[in-house]
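Working notes, beginning with the structure itself.
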Amino acid sequence: MLIGELAETQVWLAAPQVVERGEELEESVQVVRYAPTVVTAEVAGGAAHVELRVVDGSLTWFCTCGEGRRGVFCAHCVATTLARRRLLVQSACRRTDR
């Protein structure tokens, strides 16, 4: 399973206020690495570092914020997932524009 499917599921499971905050933070996400099984990003000018990774078919995540260090799929993880989705859509649009 690819990272997108697993991360999107976590967004659906997150509390509404976490998703709302993630949506607010999405524009501040700087994706550092993007591959089928890993995404790393800096959020809010480096205030948080996020890593989403598929390991043995399951999603693992880490964020440097307090919630993330406790293992919560935090607003920074949500924002990174949304930014990954946006990059995927932009990439698909570029391919169809050719």
Side-chain angles (χ1 to χ4, degrees):
M1 202 174 262
L2 297 178
I3 198 162
E5 298 164 349
L6 295 168
E8 293 285 341
T9 298
Q10 288 301 314
V11 170
W12 279 100
L13 295 172
Q17 65 270 24
V18 172
V19 174
E20 184 177 318
R21 180 65 180 135
E23 290 170 341
E24 292 169 1
L25 289 169
E26 179 191 357
E27 291 297 319
S28 72
V29 174
Q30 170 86 34
V31 174
V32 177
R33 182 173 178 206
Y34 176 61
T37 60
V38 65
V39 174
T40 58
E42 298 292 328
V43 183
H49 174 81
V50 175
E51 180 174 290
L52 308 175
R53 181 179 295 272
V54 176
V55 177
D56 296 327
S58 297
L59 182 70
T60 62
W61 59 84
F62 175 78
C63 180
T64 56
C65 77
E67 293 289 307
R69 286 193 304 262
R70 289 192 296 278
V72 174
F73 197 81
C74 65
H76 303 107
C77 292
V78 170
T80 299
T81 300
L82 298 175
R84 184 216 56 88
R85 181 193 309 159
R86 181 173 27 91
L87 287 174
L88 186 64
V89 169
Q90 288 172 347
S91 177
C93 289
R94 281 189 212 114
R95 283 190 297 245
T96 60
D97 287 343
R98 294 180 188 173

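All values derive from a computational prediction rather than experimental measurement.
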- Message: Nearest 0.5 Å, please: how far is CD in Glu42 from CD in Gln30?
- Response: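 Between Gln30 CD and Glu42 CD, I get 8.0 Å after rounding to 0.5 Å.
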To the nearest 0.5 Å, what is the distance between OG1 on Thr37 and CG on Leu6?
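One finds 10.5 Å between OG1 of Thr37 and CG of Leu6.
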Do you know which two heavy atoms are closest between [X] and [Y], and how far apart they sit?
{"X": "Cys63", "Y": "Ala48", "value": "SG-CB, 3.9 Å"}
{"X": "Phe73", "Y": "Ala7", "value": "CZ-O, 4.1 Å"}
{"X": "Gly71", "Y": "Trp61", "value": "O-NE1, 3.1 Å"}
{"X": "Ala35", "Y": "Ile3", "value": "O-CG2, 4.0 Å"}

Heavy atoms, side chains only, cut-off 4.5 Å: are [X] and [Y] in contact?
{"X": "Leu52", "Y": "Val38", "result": "no"}
{"X": "Leu2", "Y": "Val54", "result": "no"}
{"X": "Val31", "Y": "Val29", "result": "yes"}

Q. Going only through I, L, V, M, F, W and Y residues with side-chain contacts under 4.5 Å, is there a path from Val43 to Val32?
A.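 In one cluster with Val43: Val32, no.
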**Q.** Check ion pair Arg84-Glu8 (N to O, under 4.0 angstrom)
**A.**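 Yes, this pair counts.
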For residues 17-25, run the donor-acceptor check on the side chains, cut-off 3.5 Å, and write out each pair with its distance to 0.1 Å, sequence neighbours left out.
residue: Arg21; atom: NH1; partner: Glu24; partner atom: OE1; Å: 3.1

Run the side chain to side chain contact (heavy atoms under 4.5 Å, CB included) test against Phe62 and tell me which residues pass, sequence neighbours left out.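 For Phe62 the side chain to side chain contact (heavy atoms under 4.5 Å, CB included) partners, ignoring immediate neighbours, are Thr64, Arg69.
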Test side chain to side chain contact (heavy atoms under 4.5 Å, CB included) applied to Leu13 and Val11, step by step: CA-CA 5 Å; Leu13 295 172; Val11 170; over 6 Å; no
I'd like to know if the side chain of Thr40 and the backbone of Glu51 have a donor-acceptor N/O pair within less than 3.5 Å.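 No, because the side chain of Thr40 does not come within donor-acceptor range (under 3.5 Å) of the backbone of Glu51.
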Whether the side chain of Arg85 engages the backbone of Thr81 through a donor-acceptor N/O pair (distance < 3.5 Å, no angle test) should be reported.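 Answer holds: no.
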- Take Arg86 and Glu27, measure what side chain to side chain contact (heavy atoms under 4.5 Å, CB included) needs, and give me the verdict at the end. CA-CA 10 Å; Arg86 181 173 27 91; Glu27 291 297 319; 4.2 Å; yes
